[in-house]
Amino acid sequence: MSKFLGLDLGGTNIKVAVIEKTSNTWKVINEDDVPTQADRGPAHVVSRLAEIAARKQKEFSDLSGVGVAVPGLFNADGTIGLFPNLPGDWPGFQALEPIRSATNLPTAIINDARAFTLGEAIMGAALGKKVVACLVIGTGVGGGIVIDGKIQLGANGAAGEIAHQIIKFDGPLCGCGARGCAEPLTNSAAIATLAGTKTAEEAYKNAVAGDEKALAAFKEVAYWIAITLTNIMVVLVPDTIIIGGGVAQSGDILLKEIRIAMQERAHLYPVSDINVVPATLGFYAGSIGAALYGAITAGAQLSLISTT
């Protein structure tokens, strides 16, 4: 029996999960969250992460590893490259070593969307599937790929950025610096703008009420998501494509339109191969995935046959 800790660093909250493996079965045994206090800067935020790790180690004395999910880019040594949504001077800041030192356990860092994907692939919506793609839609749009239970990170550790495919040659400028990426065409701001609302949540409420402009907004965003995911179908032919994040909570208003638009474009495959499903792990998906990544780093094997 082994236990692993996952920490998911968000702009508002740090989500915490402890998972346990018995034989080939994974389950979540503890979930928690605390305020990030991001406005107090990198040193304070990382010290909070380290304190949480140390506290959880006291609570679960048989912890075997730690995974930390972060909202941005980082280097192999745990120094930060870019955190676009957290205030402070993060570039070059060492975020991993203080957390590792707090527990003296194997500790790994992973992008939050990749962690989300890993969690959903092993313990969530794609349980038991071999090839999984995930799109996490919110303020930004993240992604990830899992094949045979392994998160695909590529040659430089940054693979899986599904939303940075260029799908509209003359499209809007993306935060990454390119023009025409899927992200600015499919994020929550795009939905709100098209629907004429302040937030995507308000657009969803209007769509449920039958507002034509809001319904048209979801249909247009679904069109761009469908192009993005049809490209993934051509390359990977995943068993399951997961849609996660705040926007995914619009449920079938978005998912139905994505499926219809993909059926119009994915002509190489039968309709039955298009399996687009909502994420199931909820608020703690990223921390669960981070814990799984910590388990990998500590040498654990992730079984495709597992339950929560």
Side-chain angles (χ1 to χ4, degrees), residues 5-17 32-50 52-53 66-96 98-99 107-120 134-145 151 153-154 156-164 174-177 181-184 186-189 200 242-248 279 281-294:
L5 171 65
L7 305 172
D8 181 12
L9 174 60
T12 303
N13 295 294
I14 297 169
K15 281 83 73 178
V16 184
D32 194 8
D33 65 277
V34 299
T36 302
Q37 299 177 350
D39 59 332
R40 297 179 65 176
H44 177 77
V45 170
V46 172
S47 71
R48 284 179 72 73
L49 290 166
I52 293 167
V66 180
V68 185
V70 297
L73 304 177
F74 51 86
N75 301 310
D77 63 356
T79 56
I80 302 306
L82 176 66
F83 274 11
N85 296 316
L86 284 181
D89 189 17
W90 282 97
F93 191 86
Q94 174 54 252
L96 185 60
I99 304 168
T107 304
I109 189 169
I110 184 172
N111 172 269
D112 56 359
R114 252 67 85 200
F116 188 106
T117 302
L118 185 60
E120 290 288 346
C134 182
L135 198 64
V136 188
I137 308 170
T139 304
V141 185
I145 303 292
I151 189 73
L153 299 177
N156 67 354
E161 292 291 351
I162 294 173
H164 289 287
C174 181
C176 74
C181 289
E183 177 168 306
T186 61
N187 61 15
S188 57
I242 302 165
I243 306 295
V247 170
L281 293 180
F283 187 68
Y284 293 99
S287 55
I288 292 168
L292 287 166
Y293 194 65

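By convention here, the first residue in the shown sequence is residue 1.
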Is there a donor-acceptor pair closer than 3.5 Å between any side-chain N or O of [X] and the backbone N or O of [Y]?
X	Y	answer
N13	K15	no
Q94	L96	yes
E120	A279	no

Legend entry - Chi angles and distances behind the side chain to side chain contact (heavy atoms under 4.5 Å, CB included) call for V16, L5: CA-CA 7 Å; V16 184; L5 171 65; 3.6 Å; yes
Between atom [atom1] of [X] and atom [atom2] of [Y], what is the distance when rounded to the nearest 0.5 Å?
X	Y	atom1	atom2	result
E183	I137	CD	CD1	10.5 Å
F283	I288	CZ	CD1	11.5 Å
L153	N111	CG	CG	9.0 Å
I80	F93	CD1	CZ	8.5 Å
S287	L9	OG	CG	12.0 Å

So do the side chains of [X] and [Y] get within less than 4.5 Å of each other, counting heavy atoms only?
X	Y	answer
V45	T36	yes
C176	C181	yes
L135	V141	yes

Legend entry - Audit row: I52, I99, side chain to side chain contact (heavy atoms under 4.5 Å, CB included) steps and yes/no: CA-CA 9 Å; I52 293 167; I99 304 168; over 6 Å; no
Non-hydrogen atoms of [X] and [Y] that approach each other most closely:
X	Y	result
G143	R114	O-NH1, 2.9 Å
G88	P42	CA-CD, 4.2 Å
A159	G154	CB-N, 3.5 Å
L7	L49	CD1-O, 3.7 Å
P87	A38	CG-O, 3.5 Å
F116	G244	CZ-CA, 3.8 Å

Inset, instruction - Please lay out, stage by stage, how V34 and R48 fare under the test side chain to side chain contact (heavy atoms under 4.5 Å, CB included). - result: CA-CA 9 Å; V34 299; R48 284 179 72 73; 3.8 Å; yes
Legend entry - CA sep, side-chain torsions, deciding dist, call: I145, I162, side chain to side chain contact (heavy atoms under 4.5 Å, CB included): CA-CA 9 Å; I145 303 292; I162 294 173; 3.9 Å; yes
Which pairs would a plain distance check flag for residues 66-79, meaning a side-chain donor or acceptor within less than 3.5 Å of a matching protein atom at least two apart in sequence or in another chain?
from: N75; atom 1: ND2; to: T79; atom 2: OG1; distance (Å): 2.8
from: D77; atom 1: OD1; to: T79; atom 2: N; distance (Å): 3.0
from: D77; atom 1: OD1; to: T79; atom 2: OG1; distance (Å): 2.7

Inset, instruction - Sequence neighbours left out, what passes side-chain contact (heavy atoms from CB on, under 4.5 Å) with T139? Give chain and number order. - result: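 T139 satisfies side-chain contact (heavy atoms from CB on, under 4.5 Å) with S188 only.
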Legend entry - Pairing residues for T117 by the side-chain contact (heavy atoms from CB on, under 4.5 Å) criterion, not counting sequence neighbours: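 Testing T117 for side-chain contact (heavy atoms from CB on, under 4.5 Å), a comparison that skips the adjacent residues, returns C134, V146, I151.
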Legend entry - Residue pair D8 / Y284, side-chain donor-acceptor N/O under 3.5 Å: no
